[in-house]
**Q** 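Below is the structure I would like to discuss, written out as structure tokens.
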Amino acid sequence: MGLTDAPEPMSDAELRELLAARALDASVPSEDLQIDAFVARDSDAAAELARLSTAAAWIGATEALTPPPRLRASVLAAARARNRAPGALPDDLMRIYRRETDEFDAFVATLGSDDLAATTANGLSARDLIIHLAAMESMVADAVGRPVIELDAGTDVGGRTAAFVEVFGVQPIDAVLTVWRDAVAGVTEWAATGAPRGLLPWLGVEVGRDTLLVSRTFETWIHANDIRRAIGRPLEHPPAAQLHRMADFSMRNLPAWLDVVGRGHPGRTARVVLTGPGGGTWLVPLAADGSTAVEEADVAIELDVIDWCHRVGERVAPDAVSVRVTGDAGLARDILEAASALATL
Amino acid sequence: MPTVAWERGTRERLIARDDAALGECYDQYASFVYGLVLRVVRDPKAAEDITQDVFLGLWEKPACFDPAKGALRTWLGTLAHRRAVDHVRREEARRRRDQTAHNRVVTTPDVEEMALALMTAERVREALELLPPEQREAIQLAYFDGRTYREVAVIMGIPEGTAKSRLRLALRRVAMTLEEEDLRQWA
């Protein structure tokens, strides 16, 4: 994408006069970038464009005409052919991965250049955080045998992100989004078409297909909210069923995470109650040594499911979480510490 | 009219790759999309191809449609019109072909929604007919002939600023008609 005839910068007043033309697709293509950037930063302009676009669509509706009957079957056949997994996606993990990545794609499309330059909580600009996601997603694509980019960027999270930023930091955001989309498509295809149930190397540990899908869903959601936070937009959360699946994933992995951070407690059990839509109750053994959870838990902790997920993503410190503890407070602290064992950025 | 709740539910089903949801969207909006595209491109085969692309666009990127920001009709209409105009601009030589005769019969399964849509479209048609002729011509050139506002200015022999303001006044008049119509329907 490139402008062949870069137009003169226009004032907001001039841009406002072009909103009707934009709604009618009658603006000049070389001016569209300026108009779209104006709309992205001016909420009144965005509302006016939405109003005029609705009017334009209704002008189109005055021409409604039944298409040839064969077209319906043709559209549905083409849709099925494009669906890499015939019919519905085969399991809920693929659906939540698909949903979250689709949401992210749509969200990024709403970001203007000022938004992309905003600094997120982890120090990266929004643009670089998107590049980081592409670096990670393409690493997954590599791991599952569907490489999408020839770039010797390694598998160290920081090093790989830096290498991607060096290449894509100076290019239009669409360039790295193409890599990210290709990687998402590759992972989806792998997961949908008989992905092996064996373990894959990921960030220094061996993980299964389901763990990989949920952790990618998790990271995509967390980073989208990082950007929303940086540009002052309200945070958005997945539907309750998806939150529950993600919380369940974290509970299944919590024993291993406790061991990873050196806080495992063999033979002891926690009852974790996550409140709010998508929450639930889990009995969790506090070490991955094969011991099972028992009804007589040594500690019970209760907190909001969103707070827990933010803790897993390390978006809140252990002592900043509002949590009710009954029983051994030391165990509760270790659980909250271990929750973010796999958080990367 | 389809509710926001219906649109949200349909969006989630599309994201979950439920092709029955795509079929429902097609039944609801195919006449709108196809009629609009055919009016712009004036080529039934191209109109079918673009209509198919529009629904496949919804199928492949359902999350790009945000019910909080506008109705699915507007989203599909914007996508359809943009693709139709792109086609026209690429196929300049074919742009002036005779329009195929077409009736205005619309059949879809959601009778209530389409009845309301037909009534609204009729109000919009009346609003267009009530526009000053120079505004109506500007809309015709820009929206249905795929002309830019600069080309509209040249064709009509007016300054660019006048072309912009004619388009703006005309479109605002239609928007006001819709807002009045919306109020009437909910009264």
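In what follows, every heavy atom counts, from backbone to side chain, and hydrogens, waters and symmetry copies are set aside. Each chain gets a letter, A, B and so on, in the order the sequences are listed, and its residues count up from 1.
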**Q** How many angstroms lie between CZ in F55(B) and CG in L71(A), if you round to the nearest 0.5 Å?
**A** 8.5 Å
**Q** Does the pair R11(B)/E103(A) count as a salt bridge with the N-to-O cut at 4.0 Å?
**A**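 The answer is yes: the pair qualifies as a salt bridge.
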**Q** For the candidates S27(A), P68(A), A106(A), P67(A), which exhibits the highest count of non-hydrogen atom pairs separated by less than 4.5 Å from chain B?
**A**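 It is P67(A).
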**Q** Less than 4.0 angstrom from a charged side-chain N to a carboxylate O is my criterion; do R172(B) and E48(A) meet it?
**A** yes
**Q** Taking side chain as everything from C-beta outward and backbone as N, CA, C, O, which of these in F65(B) sits under 4.5 Å from a heavy atom of chain A? Side chain, backbone, both or neither.
**A**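 Neither part.
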**Q** Nearest 0.5 Å please: distance from the CH2 atom of W75(B) over to the OG1 atom of T54(A).
**A**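 Answer rounded to 0.5 Å: 14.5 Å.
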**Q** On the ring face of W58(A), is R123(B) found with NZ or CZ under 6.0 Å from the centre and within 45° of the axis?
**A** no
**Q** Roughly how far, to the nearest 0.5 Å, is the OG1 atom of T78(B) from the CG atom of L24(A)?
**A** 10.5 Å
**Q** Give, as side chain, backbone, both or neither, the part of R13(B) having an atom under 4.5 angstrom from any heavy atom of chain A.
**A** neither
**Q** At a heavy-atom separation under 4.5 Å, does A61(A) approach chain B through its side chain, its backbone, both, or neither?
**A** both
**Q** Going through the distances and angles, do D105(A) and K61(B) end up as a side chain to side chain contact (heavy atoms under 4.5 Å, CB included)?
**A** CA-CA 9 Å; D105(A) 205 355; K61(B) 295 286 173 198; 3.0 Å; yes
**Q** I want to check something: taking the side chain as every heavy atom from C-beta on, are M176(B) and R51(A) in contact at a cut-off of under 4.5 Å?
**A**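 When only atoms from C-beta onward are counted, R51(A) and M176(B) do touch, with a gap below 4.5 Å.
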**Q** Taking atom types as modelled, is there a side-chain donor on S74(A) or Q52(B) under 3.5 Å from an acceptor on the other?
**A**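 Side chains of S74(A) and Q52(B): pair found under 3.5 Å.
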**Q** With heavy-atom distances below 4.5 Å as the criterion, would you say the side chains of R72(A) and D27(B) are in contact?
**A** yes
**Q** Is a salt bridge present between R150(B) and E31(A), judged by a nitrogen-to-oxygen distance below 4.0 Å?
**A**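 Counted as a salt bridge, because a side-chain N and a carboxylate O are separated by less than 4.0 Å.
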**Q** Rounded to the nearest 0.5 Å, what's the gap from OH on Y149(B) to CD on E17(A)? Could you check?
**A**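 If we round to the nearest 0.5 Å, Y149(B):OH and E17(A):CD are 9.5 Å apart.
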**Q** Rounded to the nearest 0.5 Å, what separation is found between the CZ atom of R83(B) and the CG atom of D25(A)?
**A**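 Reported value, rounded in 0.5 Å steps: 12.0 Å.
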**Q** Within residues 126-136 of chain B, which positions have a heavy-atom distance to chain A below 4.5 Å?
**A** L128(B)
**Q** Once rounded to the nearest 0.5 Å, what's the spacing between atom OG1 of T101(A) and atom CD1 of I15(B)?
**A**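 Between atom OG1 of T101(A) and atom CD1 of I15(B) there are 9.0 Å.
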**Q** Which atom pair, heavy atoms only, marks the closest approach of A26(A) to A142(B)?
**A** CB-CB, 3.7 Å
**Q** Could you walk me through whether I59(A) and F144(B) satisfy the side chain to side chain contact (heavy atoms under 4.5 Å, CB included) test, starting with their C-alpha distance in whole Å, then the side-chain angles of each, then the deciding distance to 0.1 Å, before giving a yes or no?
**A** CA-CA 9 Å; I59(A) 291 174; F144(B) 289 128; 3.7 Å; yes
**Q** Closest approach of S31(B) and T66(A), non-hydrogen atoms and distance?
**A**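 Reported closest heavy-atom pair: OG-CA, 3.6 Å.
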**Q** Picking from S53(A), A21(A), A56(A), A50(A), which has the most non-hydrogen pairs under 4.5 angstrom with chain B?
**A** A56(A)
**Q** Name the member of K69(B), H81(B), R82(B), K164(B) that forms the most heavy-atom pairs with chain A at distances under 4.5 Å.
**A**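 Most heavy-atom pairs under 4.5 Å with chain A: R82(B).
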**Q** Judged by atom type as modelled, is there a donor-acceptor pair below 3.5 Å linking the side chain of R168(B) to the main-chain atoms of A20(A)?
**A** no
**Q** Heavy-atom cut-off 4.5 Å, strictly under: side chain, backbone, both or neither for R181(A) against chain B?
**A**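 R181(A) touches chain B through side-chain heavy atoms alone.
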**Q** With only heavy atoms counted, which part of E122(B) is less than 4.5 Å from chain A, the side chain, the backbone, both or neither?
**A** neither
**Q** I'd like to know which of T51(B), V174(B), V85(B), L171(B) tops the heavy-atom pair count under 4.5 Å against chain A.
**A**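 Among T51(B), V174(B), V85(B), L171(B), the one with the most close pairs to chain A is L171(B).
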**Q** Could you tell me which portion of I139(B) (side chain, backbone, both or neither) has an atom closer than 4.5 angstrom to a non-hydrogen atom of chain A?
**A**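 Side chain only.
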